[in-house]
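Order of appearance sets the numbers: ligands from 1, and atoms from 1 within every ligand.
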Amino acid sequence: MMQHEFMLDPPPYAHSPEVLDTGACVLRGHAAGHAADMIAGIRDIARAMPFRRMATPGGGRMSVAMTACGAGGWWSDERGYRYVARDPETGRPWPAMPDAWRDFATEAARQAGYAGFVPDVCLINGYRPGARMGLHQDRDERLDAPVVSVSFGLPAIFQWGGLRRTDPLRRVPLRHGDVVVWGGPSRLVFHGVAALRAGDHAVTGPCRYNLTFRRVG
Ligand code: MD3
Ligand code: FE
């Protein structure tokens, strides 16, 4: 009798989460329908707060360019890295997080089993071919909250490790529109991104964006 319900087009969020590890799951393509809006939002934010390749304490410079919106942004320079409420170079606060972005992250987290997640910061990473992110843990935010990541543009190989730096890495492709939620036992796993392969994406051109929604305060 109710069979017909299953013949309707599923809503875009009906994909079943693909479990990566305890506490971590991928919602494949979940943000694809929001790409045009979110990429326009990234461009607005970048006009107010340009993408920058930050210096690192080791004397190098990151290959990934970063900006942010919300209550703070992640900052790195020769003195170390930390969250800051204002751009240390201009003294300006970060642009506000769009309400629709915050609501999107809240809903993605809820679908992954983390009800009540309200992010206060969204970090925005910009990758050009060759850019990579070395193996690291994210431990400068609240560890009782998950992180929601949204990828747009060129595909990347995400490296998923364990709780020790030397644990073996799994390679997980992340493509345009993929959303990943990490929390609980997976919140402190070591992870990174392999060097981006050259390409030209129909929506973003020769680049990849990754947004990570976090709770810092
Ligand atoms: C797992 N970004 O910004 S998103 C980062 O694609 C970062 O730009 C990558 O790692 C990127 O810190 C990967 C996936 C991600 C983000 C945060 C995590 C995975 C995580 C925090 C804890 C565990
Ligand atoms: Fe990270």
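- When heavy-atom distances to ligand 1 are checked against a 4.0 Å cut-off, R187 comes that close through both its backbone and its side chain.
- Atom 17 (C) of ligand 1 has its nearest heavy-atom neighbour, among V147, V150, I157, in V147.
- With ligand atoms numbered from 1 in the order given, ligand 1 contributes 23 (C) to contacts under 4.0 Å with heavy atoms of S186.
- The proximity of R132 to ligand 1, defined as any non-hydrogen pair under 4.0 Å, does not occur for either the backbone or the side chain.
- Among all protein heavy atoms, the one lying closest to atom 2 (N) of ligand 1 is N125 ND2, 3.5 Å.
- Among all protein heavy atoms, the one lying closest to atom 8 (O) of ligand 1 is Y127 OH, 2.6 Å.
- Although no hydrogens or angles enter the test, the distance criterion places a donor-acceptor pair under 3.5 Å between the side chain of T106 and the main chain of R102.
- Aromatic ring centres of W182 and F158 lie closer together than 6.0 Å.
- Of the protein's non-hydrogen atoms, the one nearest atom 13 (C) of ligand 1 is F158 CE1, 3.5 Å.
- Side chain to side chain, D21 and W160 meet the donor-acceptor criterion of an N or O pair below 3.5 Å.
- With salt bridges taken as basic N to acidic carboxylate O contacts below 4.0 Å, one links E18 and R28.
- Looking at H34, H176, H201, H30 one by one, the single match for ring pair (Phe, Tyr, Trp, His ring centres under 6.0 Å) with F152 turns out to be H176.
- Between the side chain of W101 and the backbone N or O of F213 there is no donor-acceptor pair closer than 3.5 Å.
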Assess whether side chain to side chain contact (heavy atoms under 4.5 Å, CB included) is satisfied between R197 and I157, documenting all intermediate values.
-> CA-CA 9 Å; R197 306 254 325 246; I157 299 290; over 6 Å; no

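- Residues S63 and R53 bring no donor and acceptor atom of their side chains to less than 3.5 Å of each other.
- Of the possible polar contacts, one joining the S76 side chain to the A55 backbone as a donor-acceptor pair under 3.5 Å is found.
- With hydrogens left out, the protein atom closest to atom 16 (C) of ligand 1 is T212 CG2, 3.7 Å, a heavy atom.
- For ligand 1, the atoms sitting less than 4.0 Å from at least one non-hydrogen atom of R214 are 3 (O), 5 (C), 12 (O), numbered in the order shown with element in parentheses.
- Atoms of the protein (N, O or S only) found under 2.8 Å from the Fe ion (ligand 2) are H136 NE2, D138 OD1, H191 NE2.
- Of the protein's heavy atoms, W182 NE1, 3.4 Å lies nearest to atom 15 (C) of ligand 1.
- For R214 and T212, the side-chain atoms include at least one donor-acceptor pair closer than 3.5 Å.
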